[in-house]
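Okay, so here's the structure we're looking at.
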Amino acid sequence: MFPAYLFFLLFVLNADMITDLKQHFNLAKVTFHNDLDRCAGLEMDAVAVNEEGIPYFFKGDHLFKGFHGHAEFSNKSFAELDDHHHLGHVDAAFHMHFEDNPDDHDRMFFFLDNKVFSFYKHKLEDGYPKDISEVFPGIPDHLDAAVECPHPECPNDSVIFFKGDEIYHFDLKSKAVEEKEFKSMPNCTSAFRFMEHYYCFHGHMFSKFDPKTGEVHGKYPKEARDYFMRCSKFSNSSDHVERERCSRVHLDAITSDNAGNIYAFRGHHYLHKDENDTLTSDTIDNDFKELHSEVDAAFSYENHLYLIKNNNLYVYQVGEPHTHLDGYPKPVKEELGIEGPIDAAFVCEDHHIAHIIKGNHMYDVELKVTPRKAGNERPIGPFKRVDTAMCGPGGVKVIIGNHFYHFDSTKLLSTARSLPEQHKVSLELFGCDH
Ligand SMILES: *[C@@H]1O[C@H](CO)[C@@H](O)[C@H](O)[C@H]1NC(C)=O
Ligand SMILES: *[C@@H]1O[C@H](CO)[C@@H](O)[C@H](O)[C@H]1NC(C)=O
Ligand SMILES: *[C@@H]1O[C@H](CO)[C@@H](O)[C@H](O)[C@H]1NC(C)=O
Ligand SMILES: *[C@@H]1O[C@H](CO)[C@@H](O)[C@H](O)[C@H]1NC(C)=O
Ligand SMILES: *[C@@H]1O[C@H](CO)[C@@H](O)[C@H](O)[C@H]1NC(C)=O
């Protein structure tokens with residue numbers, strides 16, 4: 001038997017820590033409700049984005065929302081899945097939203113055996129479930145995967161269905177079915193469209209494919225958890241630099257200094273881009289061991305990295321290795337005059353003001369003034385929240401999920417009324433080519 005305190009600990013710890021603990025104490029046989037571990041390399045049953053573009057990964061009777069966090073029962077979000085079926089899984093899913101067909105409002109379709117379920121805002125639509133053969137004539141039952149393919153990514157608004165090695169393009173308007181052979185593609189166990197790209201998952205690997213031809217370009221398959229999951233540990237063959245530059249998982253914190261160095265933190269790892277654009281990556285534990293992992297915010301000031309986690313500020317002198325200053329960490333409130341945790345922080349060029357973003361407001365902290373205090377409270381332009389932000393000679397970059405938004409100055413950020421052009425983090429900040 002395990003000591004009672006272990007059970008208590010397991011209740012209060014997060015999933016990563018539970019995984020760590022379990023490996024430590026070899027508790028692998030104890031199962032918990034939230035214990036499906038996607039970082040161990042799970043094969044998903046189905047994947048689809050919801051109305052807000054958040055990917056939902058289905059496994060058995062569980063659902064993972066987004067790229068991190070616990071599994072929950074799918075019936076919590078899609079209650080009626082249970083009323084009609086007690087199979088406890090979905091075969092395939094896709095998200096229907098076609099700009100050319102405004103009547104087709106945002107819907108999520110699920111496939112189970114011979115039935116299709118259509119959900120609008122997480123409510124089953126009237127008349128559903130229906131037979132697949134009624135809604136998608138010509139499409140077989142017991143599907144493996146499905147993915148939407150809007151025009152012009154496909155010639156017409158379509159859905160691509162997968163079963164074994166058979167692939168069907170279903171034209172939504174004409175209901176014509178075209179059977180295609182995607183020779184280079186493995187059998188997909190789930191598929192989804194994310195940021196205009198198409199992914200076929202097979203086991204815990206995935207391949208990116210061209211929806212028109214099924215061609216897979218580039219070095220695939222790759223590990224799904226490297227790109228679509230936030231894990232404390234990855235497989236031992238995972239290339240840290242490649243993974244961190246290309247991961248679709250949100251960043252925790254990013255900072256750039258005047259010399260052009262960028263440090264980007266995500267989970268237990270960080271990516272460094274030096275002045276010559278050379279990328280290196282390591283665990284946070286190796287180079288910032290006092291921090292361990294999961295940074296909230298970071299800014300660079302006078303050759304120091306200021307890293308904020310919960311209520312604490314850590315200060316490192318930049319060097320090989322970085323050295324943690326004596327006396328730190330100190331409370332954020334004491335050092336910056338604002339209660340932690342915060343979401344983002346940045347200093348522009350050689351200015352002496354740290355701009356702090358917390359919730360939907362930003363504040364200025366004069367770094368040369370003691371005691372420091374956070375003033376000049378104002379909104380963060382068009383945003384309700386941000387993941388992180390940084391400032392360089394060209395202006396401010398605000399990062400949310402896979403996208404960043406550029407503003408020529410902090411002032412233009414706080415007064416902006418509409419979203420500027422969206423840029424891709426992996427592609428445009430880190431040069432990931434896929
Ligand atoms: C949801 O599914 C789980 C497991 O399949 C089941 O135990 C639970 O009773 C279901 N909840 C509801 C509200 O149907
Ligand atoms: C696209 O739609 C048009 C008009 O409905 C049809 O003639 C054409 O065959 C469709 N193309 C494909 C590839 O299904
Ligand atoms: C792909 O599916 C076909 C059945 O449609 C099956 O014969 C084949 O073995 C599968 N390939 C793999 C690698 O599982
Ligand atoms: C990864 O670990 C497995 C098992 O621990 C081992 O068999 C394999 O050789 C390792 N691969 C690499 C690239 O180190
Ligand atoms: C960047 O490149 C320059 C010129 O090749 C070199 O002198 C400098 O040491 C490089 N910096 C780093 C951090 O490698």
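Because the structure is predicted, anything quoted here is derived from the model rather than measured. For ligands, and for the atoms within them, numbers begin at 1 and follow the listed sequence. Hydrogens, waters and symmetry mates play no part in the numbers below; they use all other heavy atoms, side chains included.
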Centroid separation F111 to F136 less than 6.0 Å: yes
Where ligand 2 meets D171 - atom numbers and elements under 4.0 angstrom, heavy-atom basis: 1 (C), 2 (O), 10 (C), 14 (O)
Identify the closest protein heavy atom to atom 1 (C) of ligand 2: which residue and atom is it, and at what distance? N156 ND2, 1.5 Å
Test: K368 and E302 ion pair at under 4.0 Å: yes
Does the protein put a heavy atom under 4.0 Å from atom 8 (C) of ligand 2? yes
At what distance is the nearest protein heavy atom to atom 10 (C) of ligand 1, and which residue and atom is it? N75 ND2, 2.4 Å
Answer yes or no for atom 13 (C) of ligand 1: protein heavy atom present at a distance under 4.0 Å? no
Return the orientation label for the F67 and F228 ring planes: parallel under 30°, perpendicular over 60°, tilted otherwise. tilted
D274 heavy atoms, cut-off 4.0 Å: which ligand 5 atoms fall inside? 12 (C), 13 (C), 14 (O)
Do V249 and R266 have side chains that approach each other closer than 4.5 Å (heavy atoms only, starting at C-beta)? yes
In this structure, is the centre-to-centre distance between the rings of F117 and F109 below 6.0 Å? no
Atoms of ligand 1 close to D61 [distance to a heavy atom under 4.0 angstrom, numbered from 1]: 4 (C), 5 (O)
Between F194 and F192, is the ring centroid distance below 6.0 Å? yes
Atom 4 (C) of ligand 5: which protein heavy atom is closest, and how many Å away? N276 ND2, 4.7 Å
